[in-house]
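Input: a single structure, listed below in structure tokens.
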Amino acid sequence: MKTDIRNRKDIELLVDTFYDTIKTDAVIGFLFTEVAHVNWETHLPRMYDFWENILFYTGNYNGSPMQVHKELHSKCPMKPEHFEHWVIVFTTTVDQLFVGEKASEIKERALNIAQVIQYKTLGN
Ligand code: HEM
């Protein structure tokens with residue numbers, strides 16, 4: 001039976017599952033693997049911190065996502081469709097694994113942050 005997102009272990013499962021899908025995703029996978037050449041060993045723990053801080057206010061994330069996505073956009077222009085697709089994959093992954101208040105909250109926050117990153121990066 002599905003539970004809500006309760007702790008860091010649950011966030012790790014969500015993040016790992018999400019990026020497993022993203023790595024081979026036909027629409028945006030190449031941005032991670034061929035444009036950014038992401039080092040997954042460092043990226044995944046950073047994303048655990050990012051989402052744990054958002055859901056549980058741990059204060060353990062201090063990166064600069066805007067800068068990272070602006071740099072990516074300068075290497076390979078991104079489109080609104082890329083962000084829309086990111087949100088669909090993220091939301092689908094959450095729904096596959098979890099149900100509850102925190103699960104709803106993380107989907108809402110992801111959509112809002114995606115819109116802000118998209119606006120600040122693409123200007124639309
Ligand atoms: C088309 C959509 C997106 C693409 C292609 C993308 C791609 C990337 C890439 C390539 C990195 C750098 C990874 C590395 O080299 O370590 C990154 C970092 C990151 N992304 Fe995204 N991203 C997207 C959307 C989002 C969204 C919607 C969020 C949040 C809801 C997000 C949150 C982050 C965060 C927190 C980092 C780490 C920044 C840091 O502290 O270094 N991304 N993303």
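Throughout, numbering of the chain's residues begins at 1 and tracks the sequence. All ligand and atom numbering here is 1-based and tracks the order in the structure. Owing to the predicted nature of the structure, the values given are computational and were not obtained by experimental measurement. The figures that follow rest on heavy atoms only: side chains count, while hydrogens, waters and symmetry mates do not.
The number of heavy-atom neighbours closer than 6.0 Å to CD of Glu105, taken from other residues, nucleotides and ligands shown, is above 12.
Once rounded to the nearest 0.5 Å, the distance linking CH2 of Trp86 with CG of Asp25 reads 12.0 Å.
Sorted by first and then second residue, the salt bridge (Lys or Arg N to Asp or Glu O under 4.0 Å) pairs involving residues 56-82 (not counting sequence neighbours) form an empty list.
Not less than 6.0 angstrom separates the ring centroid of Phe18 from the ring centroid of Trp51.
When the side chains of ILVMFWY residues are joined at heavy-atom separations under 4.5 Å, either directly or via intervening members, Ile117 and Val35 end up in a single hydrophobic cluster. Put simply, Val68 and Met47 are part of two different groups of oily side chains (I, L, V, M, F, W, Y) that touch within less than 4.5 Å, one to the next.
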Could you pull out the N/O contacts under 3.5 angstrom between ligand 1 and the surrounding protein atoms?
{"unit_1": "ligand 1", "atom_1": "16 (O)", "unit_2": "Arg46", "atom_2": "NH1", "d": "3.4"}
{"unit_1": "ligand 1", "atom_1": "20 (N)", "unit_2": "His69", "atom_2": "NE2", "d": "2.9"}
{"unit_1": "ligand 1", "atom_1": "22 (N)", "unit_2": "His69", "atom_2": "NE2", "d": "2.8"}
{"unit_1": "ligand 1", "atom_1": "40 (O)", "unit_2": "Tyr61", "atom_2": "OH", "d": "2.6"}
{"unit_1": "ligand 1", "atom_1": "41 (O)", "unit_2": "Arg46", "atom_2": "NH1", "d": "3.3"}
{"unit_1": "ligand 1", "atom_1": "42 (N)", "unit_2": "His69", "atom_2": "NE2", "d": "2.9"}
{"unit_1": "ligand 1", "atom_1": "43 (N)", "unit_2": "His69", "atom_2": "NE2", "d": "2.9"}

